[in-house]
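For reference, the structure discussed in these notes is given below.
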Amino acid sequence: MLDLRFVRAHPEVVAEALRKRGSEISLEPFLELDRKWREKLAAADQLKNRRNVVSEEIGRRKKAGEEAEELVREMREVSARIKELDEEIRDLEEQIQMALLQIPNIPHESVPVGRDSSDNVEVRRWGEPRKFDFPPRPHWEIGEALDIIDFERGAKVAGARFSFYKGAGARLERALINFMLDLHVKHGYVEVFPPFIVNADSMVGTGQLPKFAEDMFKLEGRSYYLIPTAEVPVTNLYREEIIPAARLPIYHCAYSACFRAEAGAAGRETRGLIRQHQFNKVELVKFTRPETSYEELEKLTADAERVLQLLGLPYRVVCLCTGDLGFAAAKTYDLEVWLPSYGEYKEISSCSNFEDYQARRANIRFKEPGGRPRFVHTLNGSGLAVGRTVAAILENYQQEDGSVVIPEVLVPYMGGQERIEPVK
RNA sequence: GGAGAGAUGGCCGAGUGGAUGAAGGCGCUCGACUCGAAAUCGAGUAGGCAGCCAAAAGCUGCCUCGUGGGUUCGAAUCCCACUCUCUCCGCCA
């Protein structure tokens, strides 16, 4: 969330940011609430001061055996009035907090202004899409033909948008997870294995709640949620903490299953591994000083790109425009991998700098010895989404005879297997 | 799931209604002493909000002893609920 004092002092800056994002939110009611809140707060504080001073006096008199009944009577009234004011203040605070949680982050100045994904700006490309001398097949056909992915039984056992991996497919999924984690540990990230279920406070901390509740799976009768990404538990690791400055920057990588309700995605990408209710992902998360977060974003993006380079998968990097930027992000690079079946580049990673937006929500701070606590900057990025990586490998490495060649770096993780052959 | 115990500052720990974010100790920071260090001595050492201020610094006030509520002129201290931790039993991968 944004700093209340910043919104109060620079409403025009916030309004401009909202406009660039294409948001309709008006700040006026919010500013009015804030004015009322400060007024009531000043009144209540004044009365509390009076109560503190007089109560002390009452104590002194009673100890001295003097009369204090008149003061006690006055304080009874003062206390009652304070209680009323406190209730009004609490009510206003709740409304302000709710309003503040609905305001998205301010885009960084380097983010291109635009309406939607068509205005995103390509930053660079890596690799050449392969020229096929036979008609390439989509990954779901390859997966079924090789008997390594089973969508039908996934639907039977769980439902639409669920699948089974089998045999070399299951091993490929596991190989990718291990390969990515090992690579990022080499990049300096400390591996974390997080809970896949978190509480509501954590979801508020990273920005999924209160606005995007319908995108998530919630456990019935409890305020527990299945995580939509490891970003949630890993960023919330340091919620409500003050980190010694010397420990920054902190780098974590984490494997997790990810669960998404995909509300509103009905009919979109219903085939294949691209949009599932459950998928695996290796996530990168950073906690940095505010001064270095944009350098760190470039490095984090490069770390995610390295996975695609080592796998030999052609990709491009795009900078999301203001209209396409996620709610909590100040700047985002998407990595898009080449998918022959789509004939285009498809998102496989999203690397974002949230600046202090999540840190303020989650109250994650750092402190220099002798200094005041300040909010850290948080960043994260997929490194990578595993299901989409499997899809990209199957499609880009498919052979005319129906087999799929295993990228060289994965062969050791596949127990030496170099190729997945069709079953007889 | 059953029974019991507990939650105080960076850490340990005192504190059962009236000066006080809170004795004492440890740790840490700065200073003195020393050629230097140790020891010793001295000073300091939580966070949040509002107001004054362009801002910072500073000053004033309010709030915070797990969380929320209650009693009271006044609560770390009394009452209630919740959360979490620990011990024993049961169950379990």
Side-chain angles (χ1 to χ4, degrees), chain A residues 1-13 30-101 193 195-205 219 221-225 233 236-248 250 257 290-291 356 359-376:
Chain A
M1 87 191 132
L2 300 181
D3 183 359
L4 173 59
R5 277 172 297 193
F6 180 83
V7 181
R8 183 187 296 151
H10 309 285
E12 71 291 341
V13 174
F30 172 81
L31 294 170
E32 181 53 34
L33 280 175
D34 179 54
R35 269 191 292 273
K36 252 199 270 179
W37 170 68
R38 280 181 293 160
E39 202 177 289
K40 301 258 183 203
L41 191 64
D45 279 2
Q46 214 174 337
L47 284 177
K48 284 176 183 174
N49 178 240
R50 169 97 184 127
R51 180 178 66 184
N52 289 343
V53 170
V54 174
S55 287
E56 204 177 298
E57 172 64 16
I58 291 171
R60 209 180 350 262
R61 287 201 193 177
K62 288 211 166 168
K63 222 176 253 173
E66 294 172 21
E67 177 63 37
E69 189 48 39
E70 184 192 326
L71 292 178
V72 169
R73 240 183 293 113
E74 185 200 337
M75 284 310 100
R76 243 196 287 271
E77 274 167 41
V78 168
S79 277
R81 178 68 189 135
I82 287 172
K83 201 172 160 183
E84 280 171 32
L85 277 172
D86 274 348
E87 265 164 41
E88 293 172 40
I89 289 165
R90 203 168 31 229
D91 197 59
L92 285 167
E93 276 170 355
E94 233 166 76
Q95 292 181 51
I96 289 169
Q97 188 68 9
M98 260 308 147
L100 214 45
L101 289 173
F193 200 113
F196 293 179
I197 292 174
V198 298
N199 57 33
D201 284 343
S202 295
M203 287 297 192
V204 171
L219 269 60
R222 296 168 154 272
S223 57
Y224 282 163
Y225 296 82
N236 278 283
L237 251 182
Y238 305 108
R239 176 151 54 82
E240 313 285 339
E241 292 190 28
I242 299 175
I243 302 166
R247 281 182 51 205
L248 296 179
I250 295 173
E291 297 79 18
D356 62 6
R360 184 170 289 105
R361 282 175 164 246
N363 201 20
I364 306 168
R365 291 173 294 174
F366 75 100
K367 199 173 104 147
E368 216 74 65
R372 308 218 121 250
R374 298 163 64 198
F375 290 111
V376 300

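Remember, it's a predicted structure, so these values are computed and weren't measured experimentally.
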Please determine, for the side chain of A/Asp45, which listed nucleotide (B/rG47, B/rG51, B/rC62) has the closest atom? B/rC62
Figure out the CZ/C1' separation between A/Arg50 and B/rC73, and round it to whole Å. 11 Å
Between B/rC11 and B/rG27, how far is it from one C1' atom to the other, in whole Å? 7 Å
Neighbour count >12 (heavy atoms, 6.0 Å) for atom CZ, A/Phe196: yes
A/Lys63 side chain near B/rA19 phosphate (N/O to OP1/OP2, under 4.0 Å): yes
Find the partner of B/rG21: check Watson-Crick (N1-N3 plus N6-O4 or O6-N4) and G-U wobble (N1-O2, O6-N3) distances, both under 3.5 Å, and reply none if neither fits. none
Taking B/rU8 as the reference, what is the distance to B/rU85 when you measure between their P atoms (whole Å, please)? 14 Å
Rounded to whole Å, CD of A/Glu56 lies from P of B/rA75 at a distance of 13 Å
Hey, is the side chain of A/Arg51 poking within less than 4.0 Å of OP1 or OP2 on B/rC73, counting only N and O atoms? no
Any idea which of B/rG18, B/rC63, B/rG69 is nearest the A/Ser55 side chain? B/rG18
Take the protein atom CD of A/Glu240 and the nucleotide atom P of B/rC84, then report the distance between them rounded to whole Å. 16 Å
Expressed as a whole number of Å, how far does the P atom of B/rA38 sit from that of B/rA46? 24 Å
Round to the nearest Å and state the distance from A/Ile58 atom CD1 to B/rA75 atom C1'. 15 Å
Closest to the A/Arg8 side chain, choosing from B/rC73, B/rG51, B/rC62: B/rG51
Could you state the atom-to-atom distance from CD of A/Glu241 to C1' of B/rG47 in whole Å? 15 Å
Is A/Lys40 touching bases, backbone alone, or none of the nucleic acid, heavy atoms closer than 4.0 Å? nothing
Electrostatic pair A/Glu70-A/Arg73, nearest N-O below 4.0 angstrom: no
Using both distances under 3.5 Å as the test, list the Watson-Crick or G-U wobble partner of B/rC49, or none. B/rG61
Distance, P atom - from B/rC79 to B/rA7, rounded to whole angstrom: 14 Å
When you check the gap from the basic side-chain N to the acidic O, do A/Lys36 and A/Glu39 get nearer than 4.0 Å? no
Among B/rA50, B/rC73, B/rU71, which is the nearest nucleotide to the side chain of A/Arg5? B/rA50
Using atom P of each nucleotide, how far apart are B/rA37 and B/rU29 to the nearest Å? 13 Å
Taking for each residue the nucleotide of RNA chain B bearing the nearest heavy atom, is the 5' side occupied by A/Glu93 or by A/Leu71? A/Glu93
Nearest to the A/Met75 side chain among B/rA50, B/rA46, B/rC73, which nucleotide is it? B/rC73
Quantified in whole Å, what is the P atom distance between nucleotide B/rC28 and nucleotide B/rC65? 29 Å
Side-chain N,O (A/Ser79) to OP1/OP2 (B/rG74) below 4.0 Å: yes
OP1 or OP2 of B/rC62 under 4.0 Å from side-chain N/O of A/Asn49: yes
Looking only at atom C1', what distance separates B/rG1 and B/rC92, rounded to whole Å? 12 Å
Start at the 5' end of RNA chain B and walk down; is the nucleotide closest to A/Asp34 or to A/Gly59 reached first? A/Gly59
Aromatic rings A/His10 and A/Phe6: how do their planes relate, parallel, tilted or perpendicular, breaks at 30° and 60°? tilted
Identify the nucleotide, in any strand shown, that forms a Watson-Crick or G-U wobble pair with B/rA7, with both distances under 3.5 Å; if there is none, say none. B/rU83
Nearest-Å distance for atom pair CG/C1', residues A/Asp201 and B/rU83: 11 Å
Under 4.0 Å: is that the gap between some side-chain N or O of A/Lys367 and OP1 or OP2 of B/rG10? no
Say you draw a straight line from CD1 of A/Ile364 to CZ of A/Phe375; how long is it, rounded to the nearest 0.5 Å? 9.5 Å
Answer for the Watson-Crick or wobble partner of B/rA76, both distances under 3.5 Å, is none
Does this structure show an ion pair linking A/Arg50 with A/Glu74, if we count only N-O contacts that are shorter than 4.0 Å? yes
Check this one for me: any side-chain N or O of A/Asn52 less than 4.0 Å away from OP1 or OP2 of B/rC62? yes
Considering just the side-chain nitrogens and oxygens of A/Arg365, establish if one lies under 4.0 Å of OP1 or OP2 belonging to B/rG48. yes
From CD1 of A/Ile364 over to C1' of B/rG47, roughly how many Å is that when rounded to an integer? 17 Å
Nucleotide nearest A/Lys62 (side chain, heavy atoms from C-beta), chosen from B/rA46, B/rG18, B/rC63: B/rG18
Looking at B/rG51, I'd like to know if its phosphate oxygens (OP1 or OP2) sit under 4.0 Å from a side-chain N or O belonging to A/Arg38. yes
How long is the line joining CZ of A/Phe6 and P of B/rA54, in whole Å? 19 Å
Is it the case that the side chain of A/Arg61 and the backbone of A/Ala68 share a donor-acceptor pair, with hydrogens and angles ignored and the cut-off at 3.5 Å? no
How far does the C1' atom of B/rG24 sit from the matching atom of B/rA57, given to the nearest Å? 34 Å
Taking pairing as Watson-Crick or G-U wobble with both contacts under 3.5 Å, can you name the mate of B/rC88, or confirm there isn't one? B/rG2
Closest to the A/Arg90 side chain: B/rG47, B/rG69, B/rC62? B/rG69
Does a side-chain N-to-carboxylate-O contact under 4.0 Å join A/Glu32 and A/Arg35? yes
Which nucleotide in the list B/rG47, B/rA50, B/rA19 gets nearest to the side chain of A/Leu41? B/rA50
Check this for me: does any side-chain nitrogen of one of A/Lys83 and A/Glu88 sit under 4.0 Å from a carboxylate oxygen of the other? no
Watson-Crick or G-U wobble mate for B/rU71, both contacts under 3.5 Å: none
